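Quick note: numbers below take in every heavy atom, side chains included, and nothing from hydrogens, waters or symmetry partners. Computed from a predicted model, the values in this text were never measured in an experiment. Proteins come first, then strands; the chains are lettered A, B, ... in the order of their sequence lines, and each starts at number 1.
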Amino acid sequence: MSSRFDPAAADQRWQQKWAEQNCFAADSASPKPKTYVLEMFPYPSGRIHMGHVRNYTMGDVIARYRRMQGFEVLHPMGWDAFGMPAENAAMERKVHPGDWTWSNIATMRDQLKRLGFALDWSRELATCDPAYYGHEQALFLDLFEAGLVYRKESEVNWDPVDMTVLANEQVIDGRGWRSGAVVERRKLSQWFLKITDFAEELLDGLGSLDQWPDKVRLMQENWIGKSRGLQFRFRLAEPVGGTSEIEVFTTRPDTIFGASFVAIAAGHPIAEALAARNEELAAFIAECRAGGTSAAEIETAEKKGFRTTLEVVHPLNPDWRLPVYVANFVLMEYGTGAIFGVPGHDQRDFEFATRYQLPIRRVVASSEEKASAAIGDAAEPMHGVAVNSSFLDGLPTEEASAEIIRRAEAGGWGRGTTQYRLRDWGVSRQRYWGTPIPIVHCDGCGPVPVPRDQLPVVLPQDVNFDIPGNPLDRHPSWGKVECPKCGSRARRETDTLDTFVDSSWYFIRFASQPGDQPFDRAEAEAWLPVAQYIGGVEHAILHLLYARFWTRALNHIRRIGIAEPFKGLFTQGMVTHETYKSLDGRWLAPDEVDVAQGGGLIEAATGSAIERGRIEKMSKSKRNTIDPEPIIDRYGADAVRWFMLSDSPPERDLEWSESSIEGAARFVQRVWRMVGSHGANQGDDVQIDRKLHRTIAAVGDAIDGLQFNKAVAQLYELVGTLEKAPPSASRDFAILTLVRLVSPMAPHLAEECWAKLGQPGLVATADWPAHDPSMLIDDQVTIAVQVNGKLRDTLTAPRGLDRAAAEALALASDKIQRQLDGAAPRKVIVVPDRLVNIVA
RNA sequence: GCGGACGUGGCGGAAUGGUAGACGCUGGAGACUUAAAAUCUUCUGCCCCUCUGGGCGUGCGGGUUCAAGUCCCGCCGUCCGCACCA
């Protein structure tokens, strides 16, 4: 038996054993209580990165721990395999997106397997597989039939060079991120999912997700953006083009007497109608459209308007006319696309009114006495009491708003409504590498669903990426089909689905994988909801909101009996590394950097000095990545896993460091050496027994709370204690138990130790050790003794000492007497078994 | 602008209102060794002191309390999310 643990041999040996014995297959028919542990599945970009390693290690600890606790655990892995990088690779390297993707999957699967994750590989899936996306098409049609899918003209960011739609985040400074071409806004017919139908439900549901981070719930709440207010109509003094009203929305009906103007969005139908007869207005609208949407541009953009000839009548005073502007800061997508401006109490309206010399009236004040105070150089958006507002005067904001809503409803000119910031989900993408939308366009019948027996609609293989645009559009035959309804010549939809659709139900497919339908309801419900979902916080909004919506939509059409897919959510921090830059501004990879003799950093190749940059998320662009695979080669899977769990709390960033991975590798060897010192010793060591049971309890609590760094610290302490302890039966038992305790984190090491100790079976399928609660209590306690709240002494005393005895013991201390210096204590506070504080 | 989180040694970080700095890393000293690696022992918040010991200390300023890293008020700083959302 070697004196050193050899990961190169052990990792492979045990990975093979686990596979042979099918240890991690999840049995849907098992009588054991079930639990579902899931990490966000990876995009097969080429190789796994440290972020994956950290994410999957955390999930693996939970999965292995639950299995040992007696749960039937579902812990699957798959591939979020559609998406743009595959098409980019196709364009750059002349490979087929499918070949590129499948080859990446093969590489990354092997890499993941080297880390020894307790995954049920029999359930592996890839979203680019027709066996997956065919079922997705069926679900899409289910939603279509339920009226949750519709088609609408909508504005998109269009890259005229790549001839494709860009997501907002792919538009950088108004240009396409790949082509650099100035992005145009174009109107295209796109498919939408009615997520807004579920806005209230999705908001309400957040309340039940008590095992989600508050931060994520808050982000979703803000994203949904519910506002209560009044929607009402201004009558136009003179009707225009058959329209006699402008409808507006406000959250501050109480400020209605402070109105100075009405403003409509550039895309508002009335604005467009007027522009048809007014070139100047048409030019203004075009200018608004061209305006950038970046944060900086919005920050600095001036509030501009175009005064139309229209006027509206104030609903509460027929003699009061307000001018109508087309304004660049009014959004067509929110509310009604029109507002009334109250410059005194809204900053944007204030800026607008200042520019165009419109009246700025105070209609809210902190008290009625302040009614005549002028508005200064900024709007006052805060609540208060209504002033200068006729019958509202003196009413607090809330009551004044309610009063206006009541009158509007009674008078028939408006009603209390709720607005959401959330928009419907546009799912059309003009790309090849995605799930084909299963619709046929017929000139006679309109959009017609592809019949179920013709699913899946499979992507054609024979495509090329020599010219920009969507190859599906120019494929010679794929798009040419007969209308399923009338049989006449028709066109297949060539848009594909947003890849967020793929990831909105993969967790259901993992739970149940029949061939003839997306999932079996009963089997899926046996596993779902996911008990613990783990992934990056960058998915806090989109993926997690879409998946919640999709699940609720399936629930709505009675396909599944759960409303929320993820009971517990954990968002882990990033893996970071210092960055390095040469003096001429090139990013340098860590292995291109050397330490100079003076301790400074130099570029290895040139010997010249370099600049040490900030610690940032590992990224290719900053060249500060560490490839996990050579690290596994060098230190073994368990050291890498241990490092990922040590030191930093899992929700915070983890900085990669060479010395920490070495520390982790050292720990692996320490455990191995300790197991070597196990023998057939006699005698109890009650201190060891106590330490062991406290550790069992603490490690279990820490894993339950996803505080892996604390579990790790507990195990270090136990090892430290055992190293110093003399041989005893207690120590031997503790070593055996230690092996089980470290097994979720360092499973290969644990198996090797388990075997060495002659234990039957695999530690992976052993029971989690139980702790004896009576062993957690020591009969000796350390009592802190304070004088005036400052620690002056500590005493060892039997547990359960009464107050008087504790006080007496404390006062008997030399150190305390010296502190008191003859003074009589004025007061003594005793916390039994913990502390005595003497107030002198 | 709105919303949120965070701020503790040289570093990562521990601390149900009750002994601040567990555990790890780094560093120092020593043991073993011809030597190195590995391993082991030991020290490692700052300051004063020969020692016993003492003073200071959780971003800053106040407050509550017998007792505050923890609770409250006000600042400062860093990071994150959203953003012309009416």
Side-chain angles (χ1 to χ4, degrees), chain A residues 3-4 213-216 218-223 225-227 229-230 248-252 255 263 265 291 293-295 297-299 301-303 327-331 333-342 345-349 351-352 378 381 419-423 537-538 540-541 642-643 646-649 651-655 657-664 666-667 669-670 673 707 709-720 723-724 782-795 814-815 818-819 825-831 833-840:
Chain A
S3 62
R4 285 185 67 78
D214 291 342
K215 176 192 168 93
V216 174
L218 196 67
M219 281 164 75
Q220 292 214 352
E221 189 180 319
N222 292 338
W223 189 262
K226 179 179 181 173
S227 316
L230 171 68
V248 300
F249 173 74
T250 179
T251 56
R252 291 293 299 274
T255 63
T293 52
S294 74
E297 283 167 308
I298 287 164
E299 198 78 45
E302 281 191 80
K303 307 288 176 279
N328 65 350
F329 67 93
V330 181
L331 304 174
E333 308 85 60
Y334 183 77
T336 60
I339 61 156
F340 72 95
V342 183
H345 305 285
D346 180 284
Q347 186 57 28
R348 289 157 311 166
D349 297 350
E351 287 169 31
F352 191 82
Q419 285 289 337
Y420 299 92
R421 211 187 71 106
L422 185 69
R423 312 281 152 72
V537 73
E538 66 273 19
I541 297 176
W642 190 259
F643 170 78
S646 308
D647 299 348
S648 284
E651 67 278 10
R652 275 200 230 168
D653 289 352
L654 172 69
E655 192 190 348
S657 106
E658 200 72 21
S659 48
S660 287
I661 181 72
E662 281 177 5
R666 212 152 40 223
F667 176 76
Q669 297 299 340
R670 270 172 85 187
R673 275 196 304 276
Q707 299 175 307
N709 56 324
K710 290 196 214 167
V712 162
Q714 286 292 331
L715 290 165
Y716 270 117
E717 271 199 56
L718 178 61
V719 169
E723 280 170 343
K724 292 183 181 71
T782 305
I783 295 175
V785 185
Q786 300 177 333
V787 176
N788 293 330
K790 284 192 190 301
L791 182 74
R792 296 300 175 187
D793 198 6
T794 55
L795 306 169
D814 286 348
K815 289 177 184 172
R818 213 179 310 136
Q819 279 294 325
R826 287 196 289 139
K827 190 175 176 185
V828 179
I829 283 112
V830 178
V831 182
D833 293 336
R834 293 215 66 151
L835 165 143
V836 178
N837 187 16
I838 296 155
V839 185

Nearest-nucleotide 5' precedence on RNA chain B, A:L218 against A:D346: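 Its nucleotide being nearer the 5' end, the pick is A:L218.
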Heavy-atom nearest nucleotide on RNA chain B for A:F340 versus A:Y716: which residue maps closer to 5'?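 Looking at the nearest nucleotide for each, A:Y716 comes out on the 5' side.
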Could you tell me which non-hydrogen atom of A:M219 sits nearest to which non-hydrogen atom of A:A540, and how far apart they are?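 Heavy-atom minimum between the residues: CE-CB, 3.7 Å.
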For the residue pair A:A784 and A:L791, what are the closest heavy atoms and their distance?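 A:A784 and A:L791 have their closest heavy atoms at CB-CD1, 3.7 Å.
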Report the distance from atom NZ of A:K827 to atom C1' of B:A67, rounded to the nearest whole Å. 11 Å
When you compare [N] with [M], how far apart are their [atom1] atoms, in angstrom units rounded to a whole number?
N	M	atom1	result
B:C76	B:G59	C1'	8 Å
B:A22	B:G9	P	13 Å
B:A37	B:G81	P	45 Å
B:U41	B:G24	P	11 Å
B:A5	B:C72	P	12 Å
B:G12	B:C6	C1'	15 Å
B:U16	B:A31	P	42 Å
B:G7	B:G27	P	28 Å

For residues [X] and [Y], determine if any side-chain heavy atom of one lies less than 4.5 Å from a side-chain heavy atom of the other.
X	Y	answer
A:T255	A:R252	yes
A:R348	A:D346	yes
A:W642	A:S660	no

Any base atoms under 4.0 Å from [X], or only sugar-phosphate, or nothing? Heavy atoms, all strands.
X	answer
A:S660	nothing
A:V330	base
A:G663	sugar-phosphate

Are the side chain of [X] and the backbone of [Y] linked by a donor-acceptor contact shorter than 3.5 Å?
X	Y	result
A:Q347	A:A378	no
A:R792	A:V787	no
A:S648	A:D653	yes

Would you say [X] places a side-chain N or O within less than 4.0 Å of OP1 or OP2 belonging to [N]?
X	N	result
A:R792	B:G55	yes
A:Y334	B:A86	yes
A:S227	B:A86	yes

A:K815: salt bridge (charged side-chain N to carboxylate O under 4.0 Å, His left out) partners, not counting sequence neighbours: A:D793
Could I get the full list of salt bridge (charged side-chain N to carboxylate O under 4.0 Å, His left out) partners for A:R670, not counting sequence neighbours?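 Only A:E723 meet the salt bridge (charged side-chain N to carboxylate O under 4.0 Å, His left out) criterion with A:R670.
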When you compare the protein's N or O atoms with those of nucleotides 69-71 of chain B, which come within less than 3.5 Å of each other, and at what distance?
none

Approximate separation, where rounding is to 0.5 Å, of A:R826 CZ and A:I838 CD1: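 Going from the CZ atom of A:R826 to the CD1 atom of A:I838 covers 13.0 Å.
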Provide a list of protein-nucleic acid N or O atom pairs under 3.5 angstrom, restricted to nucleotides 12-19 of chain B.
| from | atom 1 | to | atom 2 | distance (Å) |
| --- | --- | --- | --- | --- |
| B:G12 | O2' | A:S648 | OG | 3.0 |
| B:G12 | N2 | A:D647 | OD1 | 3.4 |
| B:A14 | OP1 | A:N709 | ND2 | 3.3 |
| B:A15 | OP1 | A:K710 | NZ | 2.3 |
| B:U16 | O4 | A:R834 | NH1 | 3.2 |
| B:G18 | O2' | A:R834 | NE | 3.3 |

Applying a 3.5 angstrom cut-off to the pairing atoms, does RNA chain B sit in any stems of at least three consecutive Watson-Crick or G-U pairs? List them by first number.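 So far as stems of 3 or more pairs are concerned, RNA chain B shows B:1-7 with B:76-82, B:10-12 with B:23-25, B:27-31 with B:39-43, B:45-48 with B:53-56, B:59-63 with B:71-75.
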N/O contacts under 3.5 Å, protein versus nucleotides 39-48 of chain B?
| from | atom 1 | to | atom 2 | distance (Å) |
| --- | --- | --- | --- | --- |
| B:U39 | O3' | A:R673 | NH2 | 3.4 |

